[in-house]
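Below you'll find the structure, written out as structure tokens, and then a few comments.
Below, chains carry the letters A, B, ... as their sequence lines are ordered, and counting in each starts from 1. Side-chain atoms are counted along with the backbone in the values below, which use heavy atoms only and exclude waters and symmetry mates.
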Amino acid sequence: MTITDACVCPYPAGDSSIRRMALEARELGFDRLVAVGVPSGEYSGLPVIEGVLISGGSAKDIAARVKRASTAGALVVVQAGENRFNRAVLGMKGVHVLTGIHAADRHAFDHVTAKMAADRRIALDISLAPLIRQRGAARQKALNRYLDILMLSRKFGFPLTLSTHARSVLEMRSVREVSALASLIGFDVADVEKALGSVDTLLAPQSSVKVIS
Amino acid sequence: MTVRPPTLRAKRRYVLARIFPSGYGPDQKDLYFAVFEAVTSLWGDSLASLIQPAVVAAGNGYAIVRCLRGMERELGIALSTVTSCSGQPVTLRSITTSGTIDSLRSRIHAVQEEAKHAEMRECTFDRRDCTVAFCEGDKVDVIEKGFKNTARFYLTTEDLEER
């Protein structure tokens, strides 16, 4: 299993270079990073996968951008919106992860979208940024939303990813800290291991069983 | 007031945490307020009263935070939500936990050895004039020069263009 932080945003989006983030991630116990806006490769001895974060616009715009972004090896992450938008995104080919569900409407992700995500093997991203950076009602809302997502994931079986959405090395957390923060929303050790290692299965999905007579 | 015998005293644990960015030594009182705010906002007043967080020492690159025995996990999670101290972006990474401050001393020396300041020198990063603020191995923290923009960038030696 390759322990992966499913989303970091290095310079110019943040104040840390990808090499520095990779160096820190290695010390913090990660085996790999998904970095937005950085070509895939090895930085400071750590494999980095290119992440394409798509947000804003209509479902039609998103479909066009997903098509353009589906380069070899890149992880395509789409910002969640309202329920109808999410259903449209979950039906698109080439989408790997739906993120930002904590900021979306309460009904944005229901049992129908959960089943679609499970069928199409599209992961939901659990961003730890709101748990770390936000306080009060905003954090309570995020905790509540994530508890619901975990319950749906256990029922329908769609994959989850864990990410820090760090824009700086100061916002990165160690695997132990990520695990401890995830325990706030009911993740046990097995759930954390599965979520940290799920990027492999998203990039190389297992093909369905074919019966050859 | 008589001092309680050791068997009647509350059992405490001491958490040694490394402070980032390297080279930043916050005031102990400011750090206490940051830790207390993080504990209270995450766990609420009732659990914060059971954790009893206190910053017993803070120096260049390290802090020792005290809590009641059995509350180390709660304190550790709260420490990972500390993002600023008196307006300065900061992060605390717990290194080890012990029952006495004395046993943490050797680890403090190791932390302080790592947190050494670099000689001030000038460099360029992405066509911006910067001054090196901290250097540890391949890690380099630079501060952009300017009257208004004094942003800090976290880089490696490979990212810098020497002048």
Side chain to side chain, [X] and [Y], heavy atoms closer than 4.5 Å:
X: A:Leu28; Y: B:Arg93; result: yes
X: A:Arg173; Y: B:Thr91; result: yes
X: B:Pro21; Y: A:Leu170; result: yes

Which is it for B:Lys139 and A:Leu23 under the side-chain contact (heavy atoms from CB on, under 4.5 Å) test, yes or no, and what are the steps along the way? CA-CA 8 Å; B:Lys139 297 177 191 173; A:Leu23 206 60; 3.6 Å; yes
Between [X] and chain A, which part of the residue has a heavy atom less than 4.5 Å away: side chain, backbone, both or neither?
X: B:Ser84; result: neither
X: B:Leu92; result: backbone
X: B:Leu79; result: neither

Are A:Ser183 and B:Arg73 close enough that a side-chain donor and a side-chain acceptor fall under 3.5 Å?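 The answer is yes; a qualifying pair exists.
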What I want to check is whether the side chains of B:Thr81 and A:Arg133 have a donor and an acceptor closer together than 3.5 Å.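 No, because no side-chain N or O of B:Thr81 sits under 3.5 Å from a partner of the opposite role on A:Arg133.
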Answer yes or no: are there more than 12 heavy-atom neighbours, outside B:Phe36 itself, under 6.0 Å from its atom CZ?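 No, the 6.0 Å shell around CZ holds no more than 12 heavy atoms from other groups.
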Give a yes or no on this: more than 12 heavy atoms of other residues, nucleotides or ligands lie within 6.0 Å of atom CZ of A:Arg139.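 Correct, the count exceeds 12.
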For residues A:Tyr11 and B:Tyr154, establish whether the separation of their ring centroids is below 6.0 Å.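 That pair fails the under 6.0 Å test.
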Heavy-atom pairs under 4.5 Å with chain A - which of B:Gly76, B:Gly137, B:Ser94 has more of them than the others?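 Result: the option with the highest number of such pairs is B:Ser94.
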